[in-house]
Every structure is written in C-alpha cells, then in structure tokens.
2 protein chains.
Amino acid sequence: MSQPESALDAALEKLREQHVRITPQRKLILDYLMTHENHPPVETIYQELAPQMASLSLATVYNTLNLFVELGIVIEIPNENGGVRYDFFGRPHYHAICENCGKVTDIYDPNLPQIDEMLQNTAKTQSGYTFNSSHIELYGLCPECQAKGITLAS
Amino acid sequence: MSQPESALDAALEKLREQHVRITPQRKLILDYLMTHENHPPVETIYQELAPQMASLSLATVYNTLNLFVELGIVIEIPNENGGVRYDFFGRPHYHAICENCGKVTDIYDPNLPQIDEMLQNTAKTQSGYTFNSSHIELYGLCPECQAKGITLAS
DNA sequence: CTCGGTGCAAAGCGTTTGCACTTTC
DNA sequence: GAAAGTGCAAACGCTTTGCACCGAG
C-alpha cells in the first residue's frame, strides 16, 4: 500500500485506526474540509459536493460531520445565525471572526501551546476539571469591513 | 434587597444610556442572569421566571436575550445539543465546559487580560482584524464526571 | 456474508415572526 | 401621543430519524 504522503491519506489512516468505515462520501467530505480554508456551513459543503457525487444526500453530510466532530478531526465554530461552521483541525489554531460579515480566519500562533497550558493550569486549579481541548475565538472586524467604514453597534 | 447602587441598577443605567427601553420583563431577565451562575439555556430561564410574571412569553425571553447579546451585556456559550446558554458577562472570564454533563464553570484568571492582549496582538498582526472581545472555552471533564470514572471517546 | 452507512422523506424542535394590544418615554 | 415592546400562535429552517437498500470489511 502507498505511504501516507498526502494529508488526506494520513487522516484516512486515523479513521481506520478508530474502526470507522471509509466510504466514498466520507472521503469526499474529509478532502473538502482539508482543502478549504473557508470554514463552510453544512449547506455550502453539500452544494459544492453534490455535483461531484450526484447521489450525495444532505443527511449524510450532517451525519458525517457529526462523526468527524466526535472523532476530534473537525471542530465546530458557532455561527451568529444559530448555524455552525466546520473547521478541519489538523494543526492547533484559533479564530478571528468578523462580527459584520461573519468571515472566520485561522490564526496560527507559535505561543499558542504555552498560552493553552497557562489557561488549562489555572482552570484546573480553580475548577478541578481535566481538559483535552481548547477553543479560542476573537471577535472583531476584518480588514475589508474596516475599510468599508463599518463600526460595531456595541 | 436592591439598593440604589446595586449591580442591577448599574446595568439598567447602561441600558438607559443606549436608549433601550426598560420594561419589567427586561428587568426580570437581567436580574435573573446576574444572580444565577448556572449559565441557563433559554427554556430554563423562561420556566423559572414564568411563575413570577404569569404573562411572560417565551418569545419575549428570546427577543430580550438576543438584545442583551447585541448590547454586549451577555454572551452566548454554545451548547453541545445545538442550543445556546447565556452568561452575564460582568467581569471578563473564560469557561471550563464538561464534555460529558455539559456543565459550564467560570474561570477568573488574573492573567487573562495579558493573555488576551497577546492573542489579539498576534491575531491582528497576522490577519489585520481589529478586535473587541474574546471567547475562550476549555473542554474536558468536571470533577464529578471524573469521579464517575467517565473517559472521553476521542 | 454481515454490519454499518447511505439516501430519501418525514418528523422534530428550537427560534423567529406577524399582528393586535399594551406600555414606556 | 408616538414609538417600541409584549404576547400569542403560526411559520421557519436547520438537524435528526426511520426504514429499505447498498457496500465496505
């Protein structure tokens, strides 16, 4: 068999290890998530993949995404309109979210591991929780919306 | 039990400044949020307040909470089941969230302002966003669920 | 060959909305 | 008195579910 040269293969291997069946649909959706930085909502994923797999159903997209979230391959980002966006979480990062247009930008911060540890230490001391993941979101205005002269209500 | 200078009055004053009408319903809901650390979902808020104001409608609770979020008085915390919990945000803090029982515990960290600044600086440099608020959630197991011997699937 | 996954359509459920009435400022 | 908020119920839209068929292991 081929070496896991591609990130997709590596991710599929991870699925196999967890005894999750690899179907064309799951492969397709995983590949989509890995190659799109746009943090798409479910409907978008479905619409963009439907042409490539005519029979793909929306329910399968939902089911698959929920599965990936449970497996920790993907994380959910809350969407102002009550919806959810999905983000392939191959490398730890946090998010800059535009409160005007809803855009989500990944931030890769070399200090993140240390910051994360500080947060978890403090939280563990204060609350007694044990942790295994962190989500950080910064809310503000993206450059484009700033340029439009938009200011925030609050 | 309310003095002229209570936290509730201060918050109401803040509403007045933003030209938001102060109704008995808004007062009631705001007071509830300020005096309950349990990060309740909408349905809970409604059920606990209904006895105190027989005519209160669920729609008003929704409308009011949305208003408070827009005004920045309250923040939303994503709830695993697609729902949302509400948290009066009087003092900056972050959250420890139990992945098993869903409990949300506030963490008040003296280093939070500095950490926040670091995050925002890095993010601003990388993305060009301007920021005005941060949300941090740490996911894990609360002490009670640890005691039950629960371990996480992922 | 077996069990899990998919597709379809219907059901579910939290949230929003339209309209008439009431209340705040 | 005018504009905004409330309550009720219906409408909405996203997500889940039941069931029969299909395909991965």
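Throughout, protein chains are lettered first and strands after them, A, B, ... in sequence-line order, and every chain is numbered starting at 1. If you're wondering where the values come from, they're calculated on a predicted model, not measured in any experiment.
Distance from the side chain of B:Leu58 is smallest for C:dT15 among the nucleotides D:dG25, C:dT15, C:dG7. Residue B:Arg21 places its side chain closer to C:dT23 than to any other of C:dG7, C:dT23, D:dG25. Comparing D:dT15, D:dG7, C:dC25 by their closest approach to the side chain of B:Leu56 singles out D:dG7. Of the listed nucleotides (D:dT16, D:dA24, C:dG7), D:dA24 has the atom at the smallest distance from the side chain of A:Pro24. Of the listed nucleotides (C:dT15, D:dT15, C:dT6), D:dT15 has the atom at the smallest distance from the side chain of A:Val84.
Between B:Glu17 and B:Lys14 there is no salt bridge, since none of the side-chain N atoms of the basic residue sits less than 4.0 Å from a carboxylate O of the acidic one.
Checking side-chain atoms of B:His36 against main-chain N and O of B:Met34 turns up no donor-acceptor pair under 3.5 Å. Without hydrogens or angle criteria, B:Tyr94 side chain to A:Leu119 main chain gives a donor-acceptor distance under 3.5 Å. Under the 3.5 Å distance criterion, the side-chain polar atoms of B:Ser127 are matched with a main-chain donor or acceptor of B:Ala123.
Listed pair A:Gln25 / C:dG7 meets the phosphate criterion, a side-chain N or O lying under 4.0 Å from OP1 or OP2. Between B:Asn63 and D:dT6 there is no side-chain N or O to OP1 or OP2 distance below 4.0 Å. Taking only side-chain nitrogens and oxygens, A:Thr23 never comes nearer than 4.0 Å to OP1 or OP2 of D:dG23. The phosphate of C:dT16 has neither OP1 nor OP2 within less than 4.0 Å of any side-chain N or O from B:Tyr62. In this model, the phosphate group of D:dC8 is not approached by any side-chain N or O of B:Ser57 to a distance below 4.0 Å at OP1 or OP2.
What separates OH of B:Tyr86 from C1' of C:dG14 is a distance of 11 Å, to the nearest Å. The CD1 atom of B:Ile45 sits 10 Å away from the P atom of C:dT15 (whole-angstrom rounding). B:Tyr46 places its OH atom 14 Å from the P atom of D:dT6, with the value rounded to the nearest Å. Taking atom CD of A:Glu70 as the reference point, atom P of D:dT16 lies 10 Å away to the nearest angstrom. At whole-Å resolution of the value, NZ in A:Lys27 and C1' in D:dA24 are 11 Å apart. Distance, A:Phe68 CZ to C:dG5 P: 11 Å, rounded to whole Å. Going from atom CZ of B:Arg85 over to atom C1' of C:dG14 covers 15 Å, rounded to whole Å. Look at CD on A:Glu76: it is 16 Å from P on D:dC14, rounded to the nearest Å.
Between A:Tyr86 and A:His39, the distance separating the two ring centers is not shorter than 6.0 angstrom.
Of the two residues near DNA chain D, B:His19 and B:Ala59, the one whose nearest nucleotide lies more 5' is B:His19. Residue whose closest nucleotide on DNA chain C sits further toward the 5' end, between A:Leu67 and A:Ala54: A:Leu67.
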